[in-house]
Colleague: 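The structure follows.
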Amino acid sequence: MEFRVPFNRPCLAGNEYKYIAEAIANGQASGDGPFTRRCHELLERELQAPKVLLTTSCTHALEMAAILLDCGPDDEIIIPSFTFVSTANAFALRGARIVFADIRPDTLNLDESRLQSLITKRTKAIVPVHYAGVPCEMDAICCLAREHGVRVVEDNAHSLFARYKAKLTGTFGCLSSQSFHETKNIICGEGGALVVNDPEMVERAMIIREKGTNRSQFFRGQVDKYTWVDIGSSYLPSDLLAAFLLAQLEGRQQIQTKRRRVWEYYWRHLQPLAQENLALEKRVRLPVIPAECEQAYHMFYLILPSLECRQALIAHLKEHGILSVFHYVPLHLSAMGMKFGARECPVTEDLSSRLLRLPFYNDLTEDDQAQVVGLIKGFFDVRD
Ligand SMILES: Cc1ncc(COP(=O)(O)O)c(C=O)c1O
């Protein structure tokens with residue numbers, strides 16, 4: 001079905017076609033060509049990271065992280081239940097036990113106040129997800145991790161260029177993962193990156209990404225032939241994708257400015273729905289951005305009064321050609337998640353059943369946003 005206002009639309013930053021033509025002319029369409037190198041350099045400079053490696057997806061960056069940490073059946077990994085499947089699946093693939101944590105009611109991020117009780121002798125890592133581009137409470141998470149000798153791997157899929165207390169997300173953990181999937185701020189269709197903040201992990205990360213071979217050492221002239229030295233897989237994207245991605249990364253300021261405008265429009269114009277004097281069954285909750293966080297403007301969501309209300313609003317918007325979507329189905333209640341044992345995550349269960357994401361993309365016009373906002377206000381019979 002065609003929507004007049006889709007939920008997402010991939011938007012160009014400017015130089016995508018030019019760079020792809022250059023990549024084809026370069027004669028290297030496979031991975032680690034000149035455009036991949038330029039993306040690496042740009043991200044390493046921006047994030048001040050010892051190494052950034054483009055990957056075929058954020059999912060694959062997380063899989064690399066699980067291999068780098070030598071995760072296995074003796075290990076437990078703490079992950080919010082309210083996240084995308086890949087955050088957990090990457091570690092489950094190595095046989096690790098997933099321990100699901102509940103989220104904070106305000107930001108929907110990992111609830112740091114409940115983490116301590118989940119840590120055991122077997123805990124190897126905590127994987128905070130900076131949901132919707134709003135940073136987790138990294139001081140508390142990193143402090144607890146340090147005290148217990150546990151690693152932090154950040155799932156930064158939503159949150160490139162967000163800051164917690166002025167420090168960029170993705171730079172707190174020993175490793176972090178990025179997504180450049182078409183729904184994210186910076187895109188190349190399908191793509192991702194592993195940010196390696198621990199210099200001791202750099203060499204092995206390059207080996208894992210190159211099918212477990214020391215091929216990159218060979219290209220650097222450090223060995224005279226390359227061979228199989230570790231486990232790994234084919235995690236590097238084509239230079240054609242890196243060409244597209246470089247254009248996006250170079251346009252990051254313009255992209256972030258546009259997304260900020262979209263976010264702020266919703267925020268300003270939806271305030272009347274969040275007034276405290278409204279009856280609970282009519283009151284909508286808007287996103288909460290803590291004072292110490294600079295968000296990445298990844299998405300705009302509403303917390304609606306009930307599941308029934310959400311379903312009715314989705315249908316109402318759909319009737320008018322507007323696609324709104326919900327996520328995530330709590331992982332601790334999924335068929336696979338339940339194999340790790342029963343868990344209680346009441347905040348996740350409640351909020352995931354009431355959350356609705358509104359159309360959000362760089363080139364979304366104010367006219368289209370005005371229509372979305374007007375329909376939502378009409379649905380609740382709320383006027384300015
Ligand atoms: C929090 C989170 N982590 C990981 C992923 C996986 O990203 P990718 O599609 O790049 O593998 C997603 C995808 O939306 C996500 O939302």
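Hydrogens, waters and symmetry mates play no part in the numbers below; they use all other heavy atoms, side chains included. Keep in mind it's a predicted model, so treat the numbers as computed, not measured. Order of listing sets the numbers, starting from 1, for every ligand and every atom in it.
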Colleague: Using a 3.5 Å cut-off and no angle test, enumerate the donor-acceptor pairs between side-chain atoms of residues 132-147 and protein atoms at least two apart in sequence or in another chain.
Modeller:
{"unit_1": "Glu137", "atom_1": "OE1", "unit_2": "Tyr164", "atom_2": "OH", "d": "2.8"}
{"unit_1": "Asp139", "atom_1": "OD2", "unit_2": "Lys165", "atom_2": "NZ", "d": "2.6"}

Colleague: Measure centre to centre between the rings of Tyr301 and His327, then say whether the value is under 6.0 Å.
Modeller: no
Colleague: Between ligand 1 and the protein, find all N/O pairs closer than 3.5 Å and give the distance for each.
Modeller:
{"unit_1": "ligand 1", "atom_1": "3 (N)", "unit_2": "Asp155", "atom_2": "OD1", "d": "3.3"}
{"unit_1": "ligand 1", "atom_1": "3 (N)", "unit_2": "Asp155", "atom_2": "OD2", "d": "2.6"}
{"unit_1": "ligand 1", "atom_1": "10 (O)", "unit_2": "Cys58", "atom_2": "N", "d": "2.9"}
{"unit_1": "ligand 1", "atom_1": "10 (O)", "unit_2": "Ser179", "atom_2": "OG", "d": "2.7"}
{"unit_1": "ligand 1", "atom_1": "11 (O)", "unit_2": "Cys58", "atom_2": "N", "d": "3.3"}
{"unit_1": "ligand 1", "atom_1": "11 (O)", "unit_2": "Thr59", "atom_2": "N", "d": "2.9"}
{"unit_1": "ligand 1", "atom_1": "11 (O)", "unit_2": "Thr59", "atom_2": "OG1", "d": "2.5"}
{"unit_1": "ligand 1", "atom_1": "14 (O)", "unit_2": "Lys184", "atom_2": "NZ", "d": "2.8"}
{"unit_1": "ligand 1", "atom_1": "16 (O)", "unit_2": "His158", "atom_2": "NE2", "d": "2.9"}
{"unit_1": "ligand 1", "atom_1": "16 (O)", "unit_2": "Tyr328", "atom_2": "OH", "d": "3.0"}

Colleague: I'd like to know if the side chain of His130 and the backbone of His158 have a donor-acceptor N/O pair within less than 3.5 Å.
Modeller: no
Colleague: Sequence neighbours left out, what passes salt bridge (charged side-chain N to carboxylate O under 4.0 Å, His left out) with Arg310? Give chain and number order.
Modeller: none
Colleague: For a quick test of your reading: what N or O donor-acceptor pairs under 3.5 Å do the side chains of residues 339-349 make, sequence neighbours left out?
Modeller:
{"unit_1": "Thr348", "atom_1": "OG1", "unit_2": "Asp102", "atom_2": "OD1", "d": "2.6"}
{"unit_1": "Glu349", "atom_1": "OE2", "unit_2": "His332", "atom_2": "NE2", "d": "2.8"}

Colleague: Find the distance between CZ (Phe244) and CG (Leu249) and round it off to the nearest 0.5 Å.
Modeller: 11.0 Å
